[in-house]
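Note that the structure is predicted; figures quoted are calculated from it, not measured. Counting starts at 1 for both ligands and their atoms, in listed order.
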Amino acid sequence: MSNGTGNRRSSTIRARDWFGSRLPIFWDNWVAAAGSVLIVVTVFLLLLLFILYLYNTLAGHESNPYVDLIGFMVLPAFLLVGLGLLWGGNLVRRRREKLGVRPHTPIDVTSGRFVRRALVVTGVTFAMLVGLGLFSFEAYHYTDSNQFCSYVCHEVMAPEAMAHSTSPHAKVKCVECHIGPGTSWFVRAKLSGIRQVFAVLTDDFSRPIPTPVHNLRPARDTCEICHWPERFHGSRLVTHPRFDDDEENTAQTTALVLHVGGPETQHQGSAASGIHWHVDPKNQVRYRHVDSQRQEIMEVVQSTPEGDIRYFRDADADSADGEWRTMDCLDCHNRPTHIYDLPHRALDTALTVGSLDASIPWLRKEAERLLRELEPNEDTETLISERLRAIYAEEHPEALAALEAKLQPTAAELTRILERNVWPAMNITWGTYASNLSHFDSEGEFGEGGCFRCHDGGMTTAEGEEINSDCDACHALLAVEEADWEGFEGLGMEAFLRR
Ligand code: HEC
Ligand code: HEC
Ligand code: HEC
Ligand code: HEC
Ligand code: HEC
């Protein structure tokens, strides 16, 4: 009995000597001790997460973003703090040694008091880690929410948030297109988010926010998660109601069958067709643009499925400046969700659904003029009512009474349209964020943008081949009741238009 006690005592003393001489840096003072405990606990949790991660990977489960978040960001941060504390504790120790001071809280690792304290410290650290973990979990959720993206930086994001909230993607979260899945883009986004919040706080950002967004995640990682290119096929009937600039606001309709097409890979041996010919991986189109908006295209290189290269060049191309880019969804769908109207489109829609009254003479014409001329202010509706009244009094006095009878709802709807599309604080006006999905400019004229950046017949190969500019390659026009579009003459369209 006594022997056993003696042995235990001597081994205790030996352990104390050993620890006491070799590893005091870990618990010589409370700073170092706190650091040690933090390190031990985080390493333990990291190990647990690592096992979970291995299990998920082996079992083929999707990696959980929250596990990633805690494993890749939160715990390593704690580990760094722990190492920092340890280092600080060691500084304290060395300073004391220099001054010849005995350790302030000599810690006896083998005493019951130490064990009790260590238990308390471990418990508190653990609770803190759990608390902070939950907090960062919530914080993470919050920074991923549309509210955070849109309203924390209200002035900056309000236009995009408004455009998004009325688009086909209104139910898709900002982060699904702007960040997408995976940890590395998540970390990149949060880092650039910190920079952006800073830019807003210091009022150091450009108005409007420049587009295209150069560091946007490639479309195949975002759009293609929900939209499966192989599924696109066939044609789609598109109708655009329009109203003329005349006294009666005469209603018209443009109807076209758009050849949306697609890769058609479900059918053995079939070739890609139509507009989504472009998304077949076998067809690659690269282009060189000389402006930051990617509107002025000088050269186009097409790799054909047979492995040939066709090289088209603009007759005006003189230098080799600019940037090369491979076409993807965003070169056509550059406005999938931040969709801004042009005045004529917004008015045609409002007149069609009846939120503007087409029985008010000259409304289509004068409303467009007014929308182009005014900017919203604190009381846009009054501004619009007064201007509208003045225009009618001067130009169409005979119609003033008809206008007055419906002035309030008319002004309210025009206010909505103006405030939805024009944002003076961000220098956003009609056409600032133009869409590439057509070939009409901001005045509704044929234009040179969109598809016609390449498909206007202006680019040729050395052999004189052009990029297809056949109207029928992209659509069949069923009805166009307006014959005075520029660009129709000589295209043989007149007969077509009157069918
Ligand atoms: C359906 C995908 C999608 C969603 C959802 C989305 N965006 Fe975008 N966003 C884009 C694309 C694509 C661009 C780039 C446009 C370009 O390069 O021309 C963009 C551009 C922007 C820009 C730059 C300015 C501009 O209009 O081009 C801002 C700011 C922005 N988005 C904020 C947001 C906010 C805030 C939300 C959520 C309320 C959001 N986005 C939701 C796809 C999306
Ligand atoms: C999280 C899923 C999701 C993502 C990511 C997404 N979309 Fe969509 N998209 C949708 C849904 C849902 C609709 C609406 C379908 C409907 O209302 O008929 C839609 C509709 C569309 C439409 C048809 C719009 C119309 O006028 O009918 C286009 C074009 C489109 N998306 C392009 C894109 C592009 C380009 C991107 C990448 C920048 C993208 N989408 C990213 C889910 C998504
Ligand atoms: C060459 C230009 C171009 C490219 C590249 C392109 N699209 Fe389209 N897409 C169009 C046009 C034009 C339409 C028809 C728009 C309309 O209905 O007004 C369309 C229609 C769509 C629609 C609606 C389909 C329907 O049948 O209603 C979706 C969804 C879509 N595109 C998604 C995508 C995605 C995702 C990508 C990238 C993988 C992509 N597009 C690449 C031009 C393009
Ligand atoms: C960056 C240049 C570029 C832009 C922008 C572009 N295309 Fe193309 N497109 C090409 C090239 C190059 C080809 C292959 C050459 C050809 O078919 O003449 C092609 C082929 C096509 C084809 C297949 C034609 C055929 O002969 O079968 C269609 C349809 C098409 N594009 C529609 C569109 C539409 C619609 C848009 C706009 C929404 C558009 N493209 C924008 C370069 C472009
Ligand atoms: C490279 C493809 C392409 C070619 C070539 C092309 N278009 Fe288009 N066109 C489009 C697309 C895309 C739209 C937009 C469809 C939509 O509004 O949804 C469009 C829209 C139109 C519209 C409807 C405009 C509106 O907003 O009401 C008319 C009219 C039209 N095109 C006429 C023509 C004529 C005429 C030609 C031949 C000289 C032609 N297009 C050549 C792709 C093309």
Side-chain angles (χ1 to χ4, degrees), residues 164 166-181 212-213 216-240 254 256-263 271-289 294-305 308-314 324-339 345 435-440 447-461 465-475:
H164 168 262
T166 52
S167 82
H169 291 106
K171 298 254 162 103
V172 177
K173 280 169 83 191
C174 316
V175 293
E176 289 186 79
C177 293
H178 284 282
I179 303 180
V213 179
L216 199 71
R217 185 143 184 200
R220 64 175 175 277
D221 296 343
T222 53
C223 318
E224 291 187 22
I225 287 178
C226 299
H227 299 287
W228 185 39
E230 279 73 21
R231 241 220 61 209
F232 300 132
H233 61 90
S235 296
R236 177 182 182 185
L237 176 66
V238 176
T239 56
H240 290 303
T254 304
L256 51 150
V257 176
L258 266 184
H259 302 314
V260 179
S273 68
I275 297 170
H276 283 139
W277 169 94
H278 274 279
V279 299
D280 188 326
K282 288 199 274 324
N283 299 319
Q284 199 198 55
V285 174
R286 284 171 53 72
Y287 67 86
R288 177 167 67 86
H289 58 96
R294 300 182 187 144
Q295 293 299 308
E296 281 166 46
I297 294 180
M298 292 300 161
E299 285 173 281
V300 175
V301 176
Q302 175 204 0
S303 343
T304 68
D308 299 334
I309 302 280
R310 290 170 82 198
Y311 176 76
F312 303 90
R313 196 178 159 87
D314 191 295
W324 282 94
R325 177 178 156 85
T326 305
M327 254 183 109
D328 68 17
C329 317
L330 293 179
D331 289 286
C332 301
H333 296 284
N334 64 331
R335 300 272 125 209
T337 193
H338 309 296
I339 304 169
R345 265 287 146 79
S435 163
N436 285 336
L437 209 53
S438 179
H439 46 74
F440 288 82
E448 315 237 287
C451 317
F452 279 19
R453 286 174 296 165
C454 299
H455 285 273
D456 63 347
M459 281 200 214
T460 49
T461 62
E465 285 177 301
E466 293 175 359
I467 299 178
N468 197 344
S469 58
D470 230 346
C471 316
D472 287 342
C474 300
H475 48 58

Next on the checklist: Just to check, does Leu437 reach to within less than 4.0 Å of ligand 3 when the distance is taken from its heavy atoms?
Outcome noted: yes
Checklist entry - Is atom 8 (Fe) of ligand 4 less than 2.8 Å from an N/O/S atom of His455, whether that atom is in the backbone or a side chain? => result yes
Next on the checklist: Which of the numbered atoms in ligand 2 are under 4.0 angstrom from any heavy atom belonging to Thr222?
Outcome noted: 5 (C)
Checklist entry - Quick one: does Val300 get within less than 4.0 Å of ligand 4, heavy atoms only? => result yes
Next on the checklist: Below a 4.0 angstrom heavy-atom separation, can you tell me which part of Met327, side chain or backbone, both or neither, approaches ligand 4?
Outcome noted: side chain
Checklist entry - Any idea which atoms of ligand 3 are less than 4.0 Å away from a heavy-atom of Glu224? => result 38 (C)
Checklist entry - Which bit of Lys171 gets closer than 4.0 Å to ligand 2, counting heavy atoms only: side chain, backbone, both or neither? => result neither
Checklist outcome for this item: of all protein heavy atoms, closest to atom 18 (O) of ligand 3 is Leu258 CD1, 3.8 Å
Next on the checklist: Please list the nearest protein heavy atom to atom 41 (C) of ligand 3 with its residue and the distance rounded to 0.1 Å.
Outcome noted: Val279 CG1, 3.2 Å
Item to check | Protein heavy atom at shortest distance from atom 37 (C) of ligand 3 | outcome: Cys329 SG, 1.7 Å
Next on the checklist: As a check for students: among Ala170, Pro168, Cys223, Cys177, identify the option with a heavy atom nearest to atom 25 (C) of ligand 2.
Outcome noted: Pro168
Checklist entry - Has Cys332 got an N, O or S atom lying less than 2.8 Å from atom 8 (Fe) of ligand 3? => result no
Checklist outcome for this item: among protein heavy atoms, the one nearest atom 2 (C) of ligand 2 is Cys226 SG, 1.9 Å
Checklist entry - Given Lys173, His178, His227, which one has a non-hydrogen atom that is nearest to atom 33 (C) of ligand 2? => result His227
Item to check | Contact atoms of ligand 3, heavy-atom distance to Asp328 under 4.0 Å | outcome: 5 (C)
Checklist entry - Is His289 reaching over with its side chain to a backbone N or O of Gln295, donor-acceptor style, under 3.5 angstrom? => result no
Checklist entry - Looking at atom 8 (Fe) of ligand 4, which N/O/S atom of His278 is the nearest one? => result NE2
Checklist outcome for this item: Of Arg220, Arg236, His169, the residue with the heavy atom nearest atom 27 (O) of ligand 2 is Arg236
Next on the checklist: atom 8 (Fe) of ligand 4 and Cys451: any N/O/S contact shorter than 2.8 Å?
Outcome noted: no
Item to check | Metal proximity, His276 vs atom 8 (Fe) of ligand 3, N/O/S cut-off 2.8 Å | outcome: yes
Checklist entry - Which of the atoms of ligand 2 are close to Glu176, meaning less than 4.0 Å from one of its heavy atoms? => result 1 (C)
